[in-house]
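A note on names: the letters A, B, ... follow the listed sequences, proteins ahead of strands, and every chain is numbered from 1.
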Amino acid sequence: MNQNLHQLNYILQLADNLLIHAQRLGEWCGHGPILEQDIALTNTCLDHIGATRSLYQYAAELVNQLTPLERQTMFTSPALEQVFTKGLPAKEDDIAYLRDAWDFKNVLLVEQPNEDWAYTIAKCFFMDAYHLALYSALKSSNNSVLAGVADKSLKEVKYHLKWSSEWVIRLGDGTEESHERMQTAINERWAYTGELFQASAADVAAMEAGYGADLCALQTTWNAQVQSVFTLAKLSIPDNSWMQQGGKEGRHTEHLGYILAEMQYLQRAYPGMEW
Amino acid sequence: MTAINHQEHFDHKIDNDITIEPRDWMPDDYRKTLIRQISQHAHSEVVGMLPEGNWITRAPSLRRKAVLLAKVQDEAGHGLYLYSAAETLGITRDQMYEQLHSGKAKYSSIFNYPTITWADMGAIGWLVDGAAIMNQVPLCRTSYGPYARAMVRVCKEESFHQRQGFEIMMQLCKGTAAQKKMAQDALNRWWWPALMMFGPTDDASPHTARSMRWRIKRFTNDELRQKMVDVTVEQAKVLGLTMPDPDLKWNEARGHYDFGAINWEEFNNVIKGNGPCNKERLNTRRKAWQEGQWVRDAALAYARKQASADGTPA
Amino acid sequence: MQTFFRYGDYGDKDSTGGANASVNPVNQNEWPLWEVFIRSKAGLDHKHAGSLHAADARMAIENARDVYTRRNEGVSIWVVESKHIHATLPDEQEEFFEPANDKVYRHPTFYTIPDEVGHM
């Protein structure tokens, strides 16, 4: 695979993580445990959508520069090909709405169901700690678009992590029930965290070319962050070290198909229209 | 102060447009009317999140998704401001929720209608928020201070809601035939319920006269409804949509549009609980509240532990 | 009867005009009510923005950020639990505020200064 495709894949990994994470968080809107926290979670969700839009706009630019053959290597999407058949450039929404699950590069963690507040908090906390480390590294990316997105997102994610860490602690050290629920959520989701630091071909290429982050370094930071919050929360890291993976290569859990069926339904039922 | 009759003092303030504040003396009925009206209004905002929240995961573009999320989030905020205003009158938010969940408290019947196409997001913003703004702008000058101040904040935020709804409609109307059909269908379904939002006609409205006297309301239901008809007809022309009312015509003498009869039987039934989504909406709210119980308990338990560790009373 | 406090409605209810609405008993486990004060930009005072519920002070500040500064309304936030606010009573209105009414000599416009002195 050539460098252009690696770069595009790298951007898609970042953007797809944010979009699918936001899509799940958006399901909470109107159903939160109290109005104030409903509003708080929606703010976070909006930050993710903002960042993912910038990344998809950039991804669209990169897609438009590919040769037809490169494009077909990258995507198996008749709908996206149709855009090019019409002679139009791809736009952010085409990238988000016209790819099928196997062309999505997000980690499996973000597509897992919300279940309850504890599962959602666990997912947010793992992702926020990851994003904080990631954006801190990408701020000095030699790719100016990535550096720009990282710089803006860094301020947002500091707040997200503060919020989710506090909830982990509150639930972990709240009531007996909340402690149990929080620990269960962590146990259940833990196996999806390893993939964040499992380098894909795109991750390796990105690091070597100087625009991506070093996942080993990220993992060290992430582990320390998780450990310190868990200590305060009286929670423990699960013993099971087996990790699920596949998302970065487009091999997903069953959930992603449903997420996309819902998210993309209008674009698919009424193709080629402006909304 | 002892020499002054409380009631006279209160009346004097009302007559002179001096706002009533939480600690001021007020007649029991004034307090009760306010609690009822403000909490109904708050419930409407919170239940009103559901029909639109329905489409957050299905919004057809990322921009629309962000806008819709921000809008539904604003409604949560409006509910919150209004609950806070009601709380100054001697009722807690939990008590108001209890009234909502038990079915004792009412909310705007419009939210018992389903949102079945994307165009409904446009129609709700345009018509439902349009009607709400018309109701709410005068309330910025309502006699009870905390309510008036909450409404100022609500109205400031609400203006983007109607505009984004109209924008969705415009986009559909200049789109394909299917999109335009979607827009017309949404107008057909939402128009009459939107007119019902202003409440019963003045002669059938039990509380209007007293609420006007107390300056809790500033215009009657019929006055506001007429205004809604007059402005919407012109806006529909811009969109190129047909108003779903064969009796609608300009009345030169009145300087207003005449419009057809409202189906009050439907209105009363929706209020009674027979609307298409009454049960679903209420069950959704109850479920969210019940499932959030352990979360709220945990946060409070943690706060109390921290406070006692600090040596400060919780 | 237990006493609980909230903004604007603490103290003796009878003196403020009426019994509580006939509703369920107060839930002791409801998150407390907080008052939010926001400085809209550097150099200005904090101003009362509204209220909200939160389990503790830290959460109250964060909730205030999410509820009351979504549109760039603030650069600094204060929160105080509503029960800690003490206020004058409406019944004390006259003795508190009317005596200041006739002290016109406290205001600069009370004094006549010749125009040629300029701004003073």
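Side-chain N/O atoms of B/His9 and C/Gln93 include no donor and acceptor closer than 3.5 Å.
For C/Asp45, the CG atom is loosely surrounded, since the number of other residues' heavy atoms within 6.0 Å does not exceed 12. When the shell of 6.0 Å around NZ of C/Lys103 is examined, it contains more than 12 heavy atoms from other residues, nucleotides or ligands. Within a 6.0 Å radius of CG in C/Asn72, other residues, nucleotides and ligands contribute 12 heavy atoms or fewer.
Formation of a donor-acceptor pair under 3.5 Å by the B/Arg23 side chain with backbone atoms of C/Asp91 is not found in this model.
Contact between C/Trp31 and B/Arg296 at its shortest, heavy atoms only, is NE1-O, 2.9 Å.
Note that CG of C/Asn27 is 12.5 Å distant from CZ of B/Arg93, once rounded to the nearest 0.5 Å. One finds the CZ atom of B/Arg149 at 8.0 Å from the NE2 atom of C/His48 (value rounded to the nearest 0.5 Å). Taking CZ from C/Arg71 and NZ from B/Lys156, the interatomic distance works out to 9.5 Å, rounded to the nearest 0.5 Å.
Residue B/Tyr97: no heavy atom, backbone or side chain, is found under 4.5 Å from chain C. Heavy atoms closer than 4.5 Å to chain C are found in both the backbone and the side chain of B/Leu300.
Scored by the ring pair (Phe, Tyr, Trp, His ring centres under 6.0 Å) test, C/His46 finds C/Trp78 as partners (sequence neighbours excluded). Taking the salt bridge (Lys or Arg N to Asp or Glu O under 4.0 Å) definition, one finds that C/Lys47 meets it with nothing, sequence neighbours left out.
Within residues 54-68 of chain C, the residues having any heavy atom under 4.5 Å from a heavy atom of chain B are, by residue number, C/Ala55, C/Asp56, C/Met59, C/Val67, C/Tyr68.
Applying the salt bridge (Lys or Arg N to Asp or Glu O under 4.0 Å) rule to pairs touching residues 35-48 of chain B yields nothing, sequence neighbours excluded.
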